[in-house]
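For reference, the structure discussed in these notes is given below.
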Amino acid sequence: MIEVGVLELQGNYALHHNIFSDLGIRSKGVKLPKHLDGVDGLVIPGGESTTMSLLLDTFKLREPIKDFAKENSIMGTCAGLIMMAKKIEHETKVVPLNILDIMVNRNAYGRQIMSKKMSINLKLNNELMPLNSTLIRAPKIIDYGKDVMVLTMLENSPAAVMQNMHLGLSFHPELDGISIFHELLFNPSSKYYWNNLNKVDAA
Amino acid sequence: MSNNPFDVKIGLAEMLKGGVIMDVTNHEQAKIAEDAGACAVMALERIPSDIRKDGGISRMSDPEMIKEIQRSVSIPVMAKCRIGHFAEAQVLEALEIDFIDESEVLTPADEHNHVWKHDFKVPFVCGCRNLGEALRRIAEGAALIRTKGEAGSGNIVEAVRHMRTVMNDIKKITTLNREQLVAESKNMGAPLDLVIKVSENGKLPVPNFAAGGIATPADASLMMQLGAETVFVGSGIFKSEDPAARAKAVVEATTHYKDSDKVLKASIGLKSAMKGLDMSEIPDSERLQERGW
């Protein structure tokens with residue numbers, strides 16, 4: 001039985017625990033390096049990336065998470081995606097973890113007044129899944145390396161990307177109760193598990 | 001799909017959870033707050049303890065000051081409008097503020113009505129002292145609820161009272177059946193559909209934060225353990241002797257609110273907290289929490 005950690009420095013970690021509970025997957029909060037012991041994956045939730053970046057250093061989690069990423073899957077949503085990036089455009093305060101070979105623009109969609117819901121299409125195993133996506137002061141992926149696979153696009157930018165066993169999303173599936181991405185990354189018994197997929201197409 | 005429906009507003013409140021929102025009066029303070037790990041700042045001209053001291057009419061802040069703060073930090077910026085002053089709220093929306101606090105800290109503009117917040121794209125936060133007040137504000141469109149506490153007092157007692165009251169009210173209505181909920185809805189002056197929703201889910205339909213009188217790392221831990229999902233710190237930081245250190249300590253204690261060793265560590269070596277006021281020193285007529293209907 002696998003157990004997934006959810007980074008609980010700041011942000012909407014509670015809703016990710018709800019999704020894991022819906023999927024019947026155990027999850028626990030990660031606030032200190034010792035909490036990574038025994039977990040099989042990690043979610044970096046939405047929240048404020050400046051706060052997370054600072055607290056990663058205060059509580060000495062930065063190097064342990066980088067090491068953890070060598071063997072285990074990590075999923076980041078919104079601020080979590082920013083934290084997983086290699087580089088952040090025009091940014092001095094947030095130091096990213098360099099887990100995904102992407103460059104992001106923080107809050108590229110603007111202030112809260114520009115936050116919105118949009119439709120996206122995800123195609124897994126040739127199955128087309130129309131999904132809601134909620135963008136909250138969202139980042140944009142503005143460049144990515146050749147090993148990065150784009151799962152879905154939003155307004156001409158990649159909105160869901162995979163590299164090796166890691167997943168980054170600019171939107172918030174947990175706000176819409178969508179569990180397919182958690183299943184894709186963390187549920188080995190699912191036909192949508194990343195390692196079981198025949199084919200992932202950009203839709 | 002409609003743009004900016006109610007759950008997009010709640011979405012930002014969700015992202016602010018597990019953090020600290022700090023009152024700031026200029027861009028230097030905003031930067032100190034951001035560097036300390038604040039997940040948002042509240043831009044206002046005078047912090048509540050000064051409003052209390054100076055008296056006079058307290059209004060929405062100068063838009064130029066708010067703009068300067070927006071330019072100087074990348075985290076969400078909130079600002080306050082007077083209760084019922086929808087034109088101030090419209091100005092704040094035009095400024096593209098991230099959250100509007102329809103706040104009892106400012107002098108009320110309408111003694112009967114609050115702003116109809118569903119008309120706005122920008123989300124609102126409102127204060128409450130009990131569940132009925134919280135649900136009236138949510139019915140009007142508030143996407144986030146906070147305790148009122150007693151702003152600018154540096155005294156946690158009222159925030160504790162309000163958080164415990166809301167939590168007890170919620171617990172109570174989860175035990176009632178439908179006909180009792182109708183009576184309870186009438187008693188607390190809250191719409192029946194929201195009362196039923198809370199009774200079924202055992203929690204508010206929007207996030208529930210604490211505000212009013214938080215001054216120390218242990219105060220933050222206390223409010224989080226009582227059920228708050230984030231804390232607002234107003235006068236507590238910039239009325240203390242070493243704001244940068246205190247701001248960082250409150251952030252650390254909020255993240256680790258259940259870990260007493262970490263709260264202890266955050267509490268060590270801080271210079272003096274704000275002085276604060278006993279409730280007996282604040283006459284009823286000067287209690288900010290009495291504002292709002």
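For clarity, every value in this text was computed on a predicted model and none was experimentally measured. The chains referred to below are lettered A, B, ... by the order of the sequence lines, with proteins before strands, and numbering in each begins at 1.
- More than 12 non-hydrogen atoms from other residues, nucleotides or ligands lie less than 6.0 angstrom from OH of A/Y109.
- The neighbour count for A/K66 NZ, taken as heavy atoms of other residues, nucleotides or ligands under 6.0 Å away, is above 12.
- Atom CD in B/E252 sits 4.5 Å away from atom CZ in A/F59 (nearest 0.5 Å).
- When the candidates B/E14, B/M15, B/E96 are compared by the number of heavy-atom contacts under 4.5 Å with chain A, B/M15 comes out ahead.
- For B/R164, the CZ atom is loosely surrounded, since the number of other residues' heavy atoms within 6.0 Å does not exceed 12.
- Only the backbone of B/A36 has a heavy atom closer than 4.5 Å to any heavy atom of chain A.
- Looking at heavy atoms from C-beta onward, A/Q112 lies in side-chain contact with B/V8 at the 4.5 angstrom threshold.
- Using a 4.5 Å cut-off on side-chain heavy atoms (C-beta onward), A/R111 and B/V122 make no contact.
- Heavy atoms from other residues, nucleotides or ligands lying under 6.0 Å from OH of A/Y144 number 12 at most.
- No part of B/A40 comes within reach of chain A, as not one of its non-hydrogen atoms sits under 4.5 angstrom from that chain.
- Looking at A/E48, its side chain never comes within 3.5 Å of a backbone N or O of B/S74 through a donor-acceptor pair.
- Distance NZ/B/K17 to CD/A/E8: 11.5 Å, rounded to 0.5 Å.
- Among B/G37, B/A38, B/A13, the residue making the largest number of heavy-atom pairs under 4.5 Å with chain A is B/G37.
- In this structure, B/T255 and A/T58 have side chains that are not in contact, with every pair of non-hydrogen atoms separated by 4.5 Å or more.
- Atom-to-atom distance recorded for B/L12:CG and A/I113:CD1 is 12.5 Å, nearest 0.5 angstrom.
- With a threshold of 4.5 angstrom between heavy atoms, B/Q70 approaches chain A through its backbone and through its side chain.
- In this structure, CG in A/N12 is found 13.0 Å from CD1 in B/I10, a value given to the nearest 0.5 Å.
- Between the side chain of A/K31 and the backbone N or O of B/H256 there is no donor-acceptor pair closer than 3.5 Å.
- You'll find the side chain of B/D7 stays beyond 4.5 Å of the side chain of A/T134, heavy atoms only.
- Heavy atoms closer than 4.5 Å to chain A are found in both the backbone and the side chain of B/D35.
- Between B/D98 and A/R137 a salt bridge is recorded (basic side-chain N to carboxylate O distance below 4.0 Å).
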